[in-house]
There are 2 protein chains.
Amino acid sequence: MTAPAHPTRPRRSDVTRAAILRAARERFAADGYERATIRAIAADARIDPSMVMRYYGSKEGLFAAAAEFDLRLPDLTDVPPGRFGAVLVRHFLARWDGDETLVALLRAASTNPGAAERMRGIFADQLTAAVATFGTDPATTARRAGLVASQILGLAFTRYIVRLPPMVELDPEEMVSWVAPTLQRYLTGQPDS
Amino acid sequence: MTAPAHPTRPRRSDVTRAAILRAARERFAADGYERATIRAIAADARIDPSMVMRYYGSKEGLFAAAAEFDLRLPDLTDVPPGRFGAVLVRHFLARWDGDETLVALLRAASTNPGAAERMRGIFADQLTAAVATFGTDPATTARRAGLVASQILGLAFTRYIVRLPPMVELDPEEMVSWVAPTLQRYLTGQPDS
DNA sequence: ATTGTGTGTCAACAGGTGTTGGCATACGGT
DNA sequence: ACCGTATGCCAACACCTGTTGACACACAAT
């Protein structure tokens, strides 16, 4: 992600670019889009605010670069269908703890339309595509993906943003045992069953 | 909520106060805490920005007044235990559509610590108190309330904030039939069942 | 050694923010 | 009719925001 995609000669400023991106993710995750100021991000990266503008064009551009994200949903073809839910919850919890990009995106999506659209894209495209491989009726795929997203994002919102005490204190495996059946039903079950 | 609690002589400015509060809720709900400016709120209420300061002290004070909220959780003593989930989902959907205060609180909670605390209070106190009346093991009450909050807030977040298409399009009764069993299990079930 | 380009700093701009104090006016009690 | 108070508007303050342009330096190629 840091290395340039094109085989250009590596730029001397790549470390600066990376430092800006890292500081931006931290600030966006901690403060949300509007409270995270370019000046604060630049100070964290120990460079001048004008560098941010030169390398990323604008605050929106910086956020777009910092919020690049891949859910890296696991391949579920080898997983027994009855364990889809558990695998997914475990994956999301790990993904969330390991990369603050998602928290940044979650915070920003509440107030920034661009961030909301990015979030929509991630959960509508990536998650729907994964759900589609489960072999359920294609007509219900989008709905199932939406319901899964609602529980996953609700989990993240209460655990990482609002920090509801019981949701913060639940250790991952307990969380899995409670939430996995929910996803399982959204993925493969029927309503009101 | 608009009428003064104390039996003081009604103030001549009550209509103005109410107009400010209504405009504030709208703006906070639409734009979040930081993007909702006092000037914009005052313009909506057709008064001068300085009036907002005089009547509510500060922007924080205005938000605190605008985010006053009661979930009005229904009395569930007459409801068959097997229908707790359905009743709750239906209640929350109606509550959310009928009062934009919750959307304002939800948006603001992502970036404003005070709003997050308010949200924590509402869902930790009001919801936990309601769950406690269900007669399950008191040691698990807070956990069950937290899980219910995670699904309810995830529903609201995806439907009203991010506006994930499948979650926006689901009509209320379909939503109930999908989500009610989840709450039902969080309330009265066991993990990994 | 000289040029050109990439990297970085500094100072400033224009606009918007929450907030404040002063002043005019209209009301309600006497 | 008078007076104190409540209500409202206006102008301004001090600060912070994203953004821009000019200038200094370091490096690579010639």
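Residue numbering restarts at 1 for every chain, and letters A, B, ... go by the order of the sequence lines. Just so it is clear, the values below take in all heavy atoms, side chains as well, and ignore hydrogens, waters and symmetry mates. Here the structure is a predicted model, which is why all the values come from computation and not from measurement.
Within the cation-pi definition used here (under 6.0 Å to the ring centroid, within 45° of the axis), Arg17(B) qualifies as a partner of Tyr55(B).
One interatomic measurement links the two molecules: CZ of Arg27(A) to P of dG18(D), which rounds to 12 Å at whole-angstrom precision. Atom CD1 in Ile47(A) sits roughly 7 Å away from atom P in dT9(C) (whole-Å rounding). What separates CG of Asp31(B) from C1' of dG16(C) is a distance of 15 Å, to the nearest Å. Between Arg11(A) atom CZ and dC27(D) atom P there is a gap of 19 Å when expressed in whole angstrom units. The distance from atom CZ of Arg17(B) to atom P of dA6(D) is 11 Å, rounded to the nearest whole Å. The CD1-P distance, from Ile38(A) to dT17(D), rounds to 10 Å in whole Å. Protein atom CG of Asp48(A) is 15 Å distant from nucleotide atom C1' of dC25(D), rounded to whole Å. Rounded to whole Å, atom C1' of dG16(C) lies 15 Å from atom CD of Glu34(B).
Counting distance only, with no hydrogens placed and no angle test, the side-chain atoms of Arg39(A) and the base atoms of dG18(D) include a donor-acceptor pair under 3.5 Å.
Between Thr16(B) and Ala36(A), the residue anchored closer to the 5' end of DNA chain D is Thr16(B), taking for each the nucleotide with the nearest heavy atom.
Between the CD1 atom in Ile152(B) and the CG atom in Leu147(B) there is a gap of 12.0 Å [rounded to 0.5 Å].
No side-chain donor-acceptor contact under 3.5 Å links Tyr33(B) and Ser110(B). Neither side chain, Thr111(A) nor Glu34(B), offers a donor N or O lying under 3.5 Å from an acceptor on the other.
At least one donor-acceptor pair closer than 3.5 Å links the side chain of Gln126(B) to the backbone N or O of Leu71(B).
Within residues 50-61 of chain A, the residues that place at least one heavy atom under 4.0 Å from DNA chain C are, in residue-number order, Ser50(A), Met51(A), Arg54(A), Tyr55(A).
Relative ring orientation between Phe134(B) and Phe84(B) is described as parallel, the plane-to-plane angle staying below 30° on a 0-90° scale split at 30° and 60°.
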